[in-house]
Q: 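Just dropping this structure here.
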There are 2 protein chains.
Amino acid sequence: MVRKPATLKDVAALANVSRATAARALNSYGYVGDETGRKVQAAAERLGYRGNRLAQALRGGRLPIVGCILGDIQNPFFARIAHDIEVLCRERGHNLVIASSEEELEQEISLLASLQSLSIRGFIVAPASAEGNAHLQRLAAEHVPLVMVDRVAEDVECDSVAVDNEGGARKAVEYLIGMGHRRIGLLQDNARIFTSRERMNGYQAALAASDIKANDRMVSVSQSTVEHAIDATIRLFSQKTPPTALFTVDSLMTQGALLAFRSMGISIPHDVSLIGFDDFNLATFTDPQITVVSQPVSEIGRTAARLLFERLSGKSDHTQKIRFETKLIVRGSVSRRSGS
Amino acid sequence: MVRKPATLKDVAALANVSRATAARALNSYGYVGDETGRKVQAAAERLGYRGNRLAQALRGGRLPIVGCILGDIQNPFFARIAHDIEVLCRERGHNLVIASSEEELEQEISLLASLQSLSIRGFIVAPASAEGNAHLQRLAAEHVPLVMVDRVAEDVECDSVAVDNEGGARKAVEYLIGMGHRRIGLLQDNARIFTSRERMNGYQAALAASDIKANDRMVSVSQSTVEHAIDATIRLFSQKTPPTALFTVDSLMTQGALLAFRSMGISIPHDVSLIGFDDFNLATFTDPQITVVSQPVSEIGRTAARLLFERLSGKSDHTQKIRFETKLIVRGSVSRRSGS
DNA sequence: AGACAATGTGAGATCGATCTCACATATATT
DNA sequence: AATATATGTGAGATCGATCTCACATTGTCT
């Protein structure tokens, strides 16, 4: 019962012409008689001919597919980016293969190899690691269209879209210091991850600028999920002298911290002040509302996709490295602390 | 500089054998001499031979790709499902093409056609509409492996995974009625969408069972995004006699309702009681915590992918229509109302 | 020794679409 | 009328991997 899709040969046969002529009629190139053209069109119509993109790609080049490797689609930040990329791909007649590296370098490498053997047009990647990116270097060296999104692998020469992580983090921590805080906690992701590293740099720079000594016990590392962040926050605030303020490096962690504080009976901003990197839906619902460093999420995915398509169309020659600004949105989760 | 990837021909040439022999050595079938086998392996290694999956698929059948069309990847519910499907695909050596119908039937149809011409192995679809699914019927009739997830198109004969929407909604509304509410609002998605329709049915069934007359002014329709839900909630509660309780059909709408209530100065559960379908991260952070109907999210995507792979491997013969139970999780967002 | 199986290898067809080239006609130009 | 040009069409090659088939070569059994 599995009716095989009609091939060009079938169309040609029905229209009583050769495959070559059928192809000309359907793709409108070369000379085709009016009459013949109509016959072929009709035949194609009747058979529901669709063209096998596999065969087309095998001959002509690559599949109209963009490959996208992100850290975790469940993270609303990446979900938004994936969505925006998908929309642009659709506008350009491309499909989108999405894969999740789950923040594992090994997995990213094997996914990339797997996607590359699909002969797809280009890649948008959020590298799982800031270092050890020989696989990306190789891609770039072979001039495979590649755009890095949200994260930059410094040693890879290709287009990239990211935000001013260090500056954003620094603004946040400086604001906390300005409000009188000295024991400022950092809830961060693995330092291998570019954004986490840059945000940590911003945190440390702000501390250093105010002559506050960095203290490992103020830093907790967790995977970027609500569940892991809850645990990490609890560990951080179970110390004898816990932080008086916390800076979290992404929105899932911010939410984890909120839930942890609730379960520990710690109240914001009375007991602890909080600033999170990346805004989120319910940030204005909580009481108090959460102060955050916001990034232009809606621009990031669109821009990455735009860069990729520019490269695909051969327009751009030099690589573009785009950085968006971040903004501190002051709401109510930070309180002034007098003395220490 | 664009180094073309090595082909089987290159490998064969380097190993001084024919293409046929090289293929045998690499795919280990037929007779191959030990010595020859090693030579070919070495050559492949040296050239970084990777096999062109396009060519393989063109000859042998279909690409090891699963196509997935959901309503909106940004909805955490779908993001979770997409993630789980992707994990299973990866385990099975498949890649995942994700596309978003944006809840438009037209777009779903065109995406499906576009994916089908890619010769991919099978589809997992959350139909945008409960009706008018000729495109899905055609697929099923041609025995293209297809699994419907979260939503069921009644007139399409294929595997499906969904939850007991009507029962879940009914439980929620019965609970509200039991707490003394009579003017119960419904914040729902377009009734064309299967889940929205079933949840509405549950809502109406619960009302009918308690002889409460359905009232259109208690129902507000909105797209499933936080922003739209805010507006819809505001409309609903700007009436002279607004509902005393609200049931929302998904978590983004629940969050929208929460934000709307905050902006209107309506307090939960004092002024209004609230139950949402689908649990979410911050449901236990808000004050009070939100009572929800929870569904086994972690099962849905996995099960859908499992069904698809069973079908791909030809194991299953009859179609499986799976429904998961839902559970009312009572927290603090509903208050008892005496009199009316 | 002769017959037959086991083992190893290569030539060529195949999948479907596209493109080059050669070959027809028909029309225009000298 | 003879040549040049425009207009249509088909045969066959191509993309890369796989598989069938035919052909060797070696070994085994009567």
Side-chain angles (χ1 to χ4, degrees), chain A residues 2-41 43-44 47-65 93 113-114 116-121, chain B residues 2-41 43-44 47-65 93 113-114 116-121:
Chain A
V2 184
R3 194 166 12 128
K4 283 261 159 48
T7 72
L8 186 62
K9 209 164 118 186
D10 302 329
V11 175
L14 182 61
N16 266 314
V17 296
S18 70
R19 284 153 39 244
T21 303
R24 271 189 291 258
L26 293 173
N27 304 323
S28 39
Y29 71 93
Y31 292 111
V32 183
D34 287 2
E35 174 69 9
T36 317
R38 271 191 298 276
K39 263 196 319 190
V40 173
Q41 291 291 353
L47 296 176
Y49 173 71
R50 285 219 148 271
N52 182 329
R53 292 214 260 162
L54 239 57
Q56 293 168 336
L58 174 59
R59 179 153 212 295
R62 323 195 74 77
L63 279 174
I65 293 185
S114 144
Q116 219 185 341
S117 66
L118 280 179
S119 305
I120 72 184
R121 287 249 170 81
Chain B
V2 183
R3 196 172 3 135
K4 282 264 160 45
T7 72
L8 185 63
K9 208 165 121 187
D10 301 330
V11 174
L14 183 60
N16 266 315
V17 296
S18 71
R19 283 151 41 243
T21 302
R24 273 191 289 260
L26 293 173
N27 304 323
S28 37
Y29 71 92
Y31 292 111
V32 183
D34 287 4
E35 174 68 9
T36 318
R38 270 192 298 277
K39 261 197 318 190
V40 173
Q41 291 292 354
L47 295 176
Y49 173 71
R50 283 222 148 266
N52 182 330
R53 292 213 262 161
L54 239 55
Q56 294 168 335
L58 175 58
R59 178 152 212 296
R62 322 195 74 76
L63 280 173
I65 293 185
S114 144
Q116 219 185 342
S117 67
L118 280 178
S119 306
I120 72 184
R121 287 251 169 82

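Each chain gets a letter, A, B and so on, in the order the sequences are listed, and its residues count up from 1.
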Q: Show, in sequence, the C-alpha distance, side-chain angles and deciding distance for B:S117 and A:R50, and conclude whether the side-chain hydrogen bond (donor to acceptor under 3.5 Å, both in side chains) test is met.
A: CA-CA 7 Å; B:S117 67; A:R50 285 219 148 271; 5.9 Å; no
Q: Is the phosphate of C:dA11 approached by B:S18 (side-chain N or O, under 4.0 Å from OP1 or OP2)?
A: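 No, outside the criterion.
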Q: Within the structure shown, what part of the strands sits under 4.0 Å from B:G51 by heavy-atom distance: base, sugar-phosphate, or nothing?
A: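 Sugar-phosphate contact only.
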Q: Determine whether any donor atom in the side chain of B:R24 lies under 3.5 Å from an acceptor atom in the base of D:dT18, or the reverse, and answer yes or no.
A: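 No, no donor-acceptor pair under 3.5 Å.
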Q: For B:N16 and C:dG8, what is the distance between atoms CG and P respectively, to the nearest whole Å?
A: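 Interatomic distance, CG of B:N16 to P of C:dG8: 19 Å.
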Q: Side chain of B:R59: nearest nucleotide among C:dG16, C:dT18, C:dA13?
A: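 Given the options C:dG16, C:dT18, C:dA13, the side chain of B:R59 is closest to C:dA13.
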Q: Any base atoms under 4.0 Å from A:G60, or only sugar-phosphate, or nothing? Heavy atoms, all strands.
A: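 Contact class for A:G60: none.
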Q: Output the rounded distance in Å from CG (A:L8) to P (D:dT14).
A: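 Going from A:L8 (CG) to D:dT14 (P), I get 19 Å.
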Q: Mind calculating the distance between CD (B:E35) and P (C:dT7) to the nearest angstrom?
A: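 Taking CD of B:E35 and P of C:dT7, I get 18 Å after rounding.
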Q: Measure the distance from OH on B:Y29 to C1' on D:dT20 and round it to the nearest whole Å.
A: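 Those two atoms, OH and C1', are 9 Å apart.
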Q: For D:dT9, does OP1 or OP2 lie under 4.0 Å from any side-chain N or O of A:T36?
A: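 Checking D:dT9 against A:T36, a side-chain N or O does come within under 4.0 Å of OP1 or OP2.
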Q: Say you draw a straight line from CG of A:L47 to CG of A:D10; how long is it, rounded to the nearest 0.5 Å?
A: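 One gets 6.5 Å once the value is rounded to the nearest 0.5 Å.
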Q: Separation of B:D34 atom CG from C:dT9 atom C1', in whole Å?
A: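 Rounding to the nearest Å, CG of B:D34 and C1' of C:dT9 are 15 Å apart.
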Q: If I take atom NZ in residue A:K9 and atom C1' in nucleotide D:dA11, what distance separates them, rounded to the nearest angstrom?
A: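 The answer, rounded to whole Å, is 14 Å.
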Q: A:N52 CG to C:dG16 C1': how many Å, rounded?
A: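 Rounded to whole Å, this separation is 6 Å.
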Q: If the cut-off is 4.0 Å, is A:Y49 near the phosphate of C:dG16, judged by side-chain N/O to OP1 or OP2?
A: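 It does not, given that no N or O in the side chain of A:Y49 lies less than 4.0 Å from OP1 or OP2 of C:dG16.
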Q: With a cut-off of less than 4.0 Å, is there a side-chain N or O of A:Q56 near OP1 or OP2 of C:dT18?
A: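 Yes, A:Q56 has a side-chain N/O under 4.0 Å of OP1/OP2 on C:dT18.
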Q: In terms of the nearest nucleotide of DNA chain C, which residue is placed more toward the 5' end: B:L58 or B:G30?
A: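 It is B:G30, whose closest nucleotide lies nearer the 5' terminus.
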Q: Testing A:V32, A:V11, A:T36 one by one against A:V17 for a side chain to side chain contact (heavy atoms under 4.5 Å, CB included), which residue passes?
A: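 Output: one option passes, namely A:T36.
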Q: So what does B:R19 hit on the nucleic acid, given a heavy-atom distance under 4.0 Å: a base, only sugar-phosphate, or nothing?
A: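 Base contact.
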Q: Can you find a side chain N or O atom of A:N27 that sits less than 4.0 Å from OP1 or OP2 on C:dT18?
A: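 Looking at the OP1 and OP2 atoms of C:dT18, one of them is under 4.0 Å from a side-chain N or O of A:N27.
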Q: In the structure I gave you, are the side-chain heavy atoms of A:R24 and A:Y29 within less than 4.5 Å of one another anywhere?
A: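 They are in side-chain contact.
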Q: Once you round it to whole Å, what is the distance between C1' of D:dT25 and OH of B:Y31?
A: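 About 14 Å, once rounded to whole Å.
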Q: Could you go step by step and tell me if B:R19 and B:T7 meet the side-chain hydrogen bond (donor to acceptor under 3.5 Å, both in side chains) rule?
A: CA-CA 10 Å; B:R19 283 151 41 243; B:T7 72; over 6 Å; no
